[in-house]
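These notes are about the structure you will find just below.
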There are 2 protein chains.
Amino acid sequence: MAENGRRATLSRTRVIGAAVGLADTDGAEALTMRRLGRELGVEAMALYNHVGGKDDLLDAMVESAAEEIVTPEDGTPWRAYARGRALSAHAVMLRHPWLPALWTSRLAVGPARMRYMDGALRSLREAGFPPGLLDRTYHAVENHIIGHAMQAAGFPLDEAEMREAAEPLLRSPALEPYPDLIAHIRHHRDTPPGDDAFAFGLDLILDGVERLLAAS
Amino acid sequence: MAENGRRATLSRTRVIGAAVGLADTDGAEALTMRRLGRELGVEAMALYNHVGGKDDLLDAMVESAAEEIVTPEDGTPWRAYARGRALSAHAVMLRHPWLPALWTSRLAVGPARMRYMDGALRSLREAGFPPGLLDRTYHAVENHIIGHAMQAAGFPLDEAEMREAAEPLLRSPALEPYPDLIAHIRHHRDTPPGDDAFAFGLDLILDGVERLLAAS
DNA sequence: CCCCCGCTATTTACGCCGTAAATATTTACG
DNA sequence: CGTAAATATTTACGGCGTAAATAGCGGGGG
């Protein structure tokens, strides 16, 4: 038997979990069938008994991450629902920097992701959104989540690294013609992420939508 | 001499241009040093006389795309400036589906990108934005551009392909428990992109910022 | 008890990748 | 023309995903 078997050292769940962990700590480019096998004490080809191949593994990782997103309970007012689900999705994407790129590039969509999408759409519909506004609202929020996560994943520096990286950059003569860019880098050096930047953009969108909904 | 030489069949510019073209038509995963060499009638290693390696090539492609973004002239009111530059960046990203992923994942930033960033920041500063709002506004717009481009790149279907892909999907029993998702897919099947979805989210952000600026 | 069968793991191999190093060829100039 | 520099090719290496053949193993029926 596959799924229990007392001493079944390998399983689909374990393979996917190890893949997620490996990509989390060492980056998506370190996720290699051979390397993943090594991590699990097994040869690469052994993994093929549990996943269909690397593509299947990547899809399963996305699905597994989608399951981590917590969705407000049914009946939550649309704005709180959208805000809660966006903040949770955002947190998941920060935990898994490899996620936004896979999220948008893989066309296979599993049940967790379908549930995630369906819940968001239902919440808006039940709030009385007309179809056009509903669709645009959904996508505006989704774009914000993905955009922020992509930018964050591409600049994976904590506060100390930020300070450290900023200094030599600021002295670079290549930057000299761009004073506002210099000021921007200084601003980021002095004010650590704090992450309210995500909520700021999100609320901008939700405020605007609220007004449009009221006007409709 | 490198750059002219009458019959210099290869040059950095030509290599980068061919790489952009190849990635545009066949996708980023088709961009291979060997394949790119073949496209240029040359062995892969010949490319290394003109680019430092694949990383250098990718950075140069991003920089080349950044040069395609047209920026409103200096002195344009902040809102028109931000809107114009966002729409142009958006158009460039749609032309080059490989761009958003590279844009966010490569940390090297060339002059064209610096100019792009600096111009946007200057426009907001000259309009009197306080530093906190300036930074959040810049990033909110940037996130929207990247988020929309990533989603578009992951779903590279024109209207006909859309219709064609939707039908079997809608019959899939896996979708059955998600009626609002079904409605969403139907909506997309019936209303082709049109691309005002990008402007919708952008204006939501700019409207909100305008209000915050007035209140500050 | 043993044997055999189905599942799991390993071995080997193939064609691709990026690129280092050595070599050959072409070009430009005194 | 001769030669040095620029450009292109050849060969090779280690790593990738994975197909195919092989080996090991645990559990149920004779």
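Below, read A as the first sequence line, B as the second, and so on, with proteins coming before strands; counting in each chain starts at 1. Bear in mind the structure is a predicted one, so any value in this text is a computation, not a measurement.
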Inset, instruction - Show the numbers, then the answer: is there a side chain to side chain contact (heavy atoms under 4.5 Å, CB included) between B:Phe129 and B:Val209? - result: CA-CA 10 Å; B:Phe129 277 68; B:Val209 166; 3.4 Å; yes
Legend entry - Separation between CG of B:Leu99 and CD of B:Glu68, rounded to the nearest 0.5 Å: 8.5 Å
Legend entry - Greater than 12 external heavy atoms within 6.0 Å of B:Glu176's CD: no
Legend entry - Contact list for DNA chain C against residues 40-50 of chain A - heavy-atom distance below 4.0 Å: A:Val42, A:Glu43, A:Met45, A:Ala46, A:Asn49, A:His50
Legend entry - Within 6.0 Å of CD in B:Glu161, more than 12 heavy atoms from elsewhere: yes
Inset, instruction - Using the side chain to side chain contact (heavy atoms under 4.5 Å, CB included) rule, take B:Arg14 and B:Thr9 through it: C-alpha gap first, then chi angles, then the decisive distance, then the call. - result: CA-CA 9 Å; B:Arg14 238 165 72 75; B:Thr9 115; 4.2 Å; yes
Legend entry - Within the 6.0 Å centroid threshold, strictly below: B:His184 and B:Tyr178: no
Legend entry - Residues in side-chain hydrogen bond (donor to acceptor under 3.5 Å, both in side chains) contact with A:Trp98, at least two apart in sequence or another chain: A:Asp24
Inset, instruction - Measure the OG1-CD distance between A:Thr104 and B:Gln151 for me, rounded to the nearest 0.5 Å. - result: 6.5 Å
Tabulate protein N/O versus nucleotide N/O from nucleotides 14-17 of chain C, keeping only pairs under 3.5 Å, one per line.
{"residue": "C:dC17", "atom": "OP1", "partner": "B:Thr32", "partner atom": "OG1", "Å": "3.1"}

Look for any protein N or O under 3.5 Å of an N or O in nucleotides 22-26 of chain C and output each such pair with its distance, or none.
none

Inset, instruction - Let me have DNA chain C in dot-bracket notation, would you? Count Watson-Crick plus G-U wobble pairs, both distances under 3.5 Å, and use [ ] for pairs crossing earlier ones and | for inter-strand partners. - result: ||||||||||||||||||||||||||||||
Legend entry - Check: A:His144 ring centroid to B:His144 ring centroid under 6.0 Å: no
Inset, instruction - Would you check if the side chain of A:Thr191 reaches a backbone N or O of A:His188 as a donor-acceptor pair within less than 3.5 Å? - result: no
Inset, instruction - Could you grab the distance from atom CG of A:Asp180 to atom CG of B:Leu124, nearest 0.5 Å is fine? - result: 9.0 Å
Inset, instruction - Figure out the CG/C1' separation between A:Leu57 and D:dC16, and round it to whole Å. - result: 15 Å
Inset, instruction - Would you list the pairs meeting side chain to side chain donor-acceptor pair (under 3.5 Å) in which at least one residue belongs to residues 31-41 of chain B, sequence neighbours left out? - result: B:Asp26-B:Arg35, B:Arg35-B:Glu39
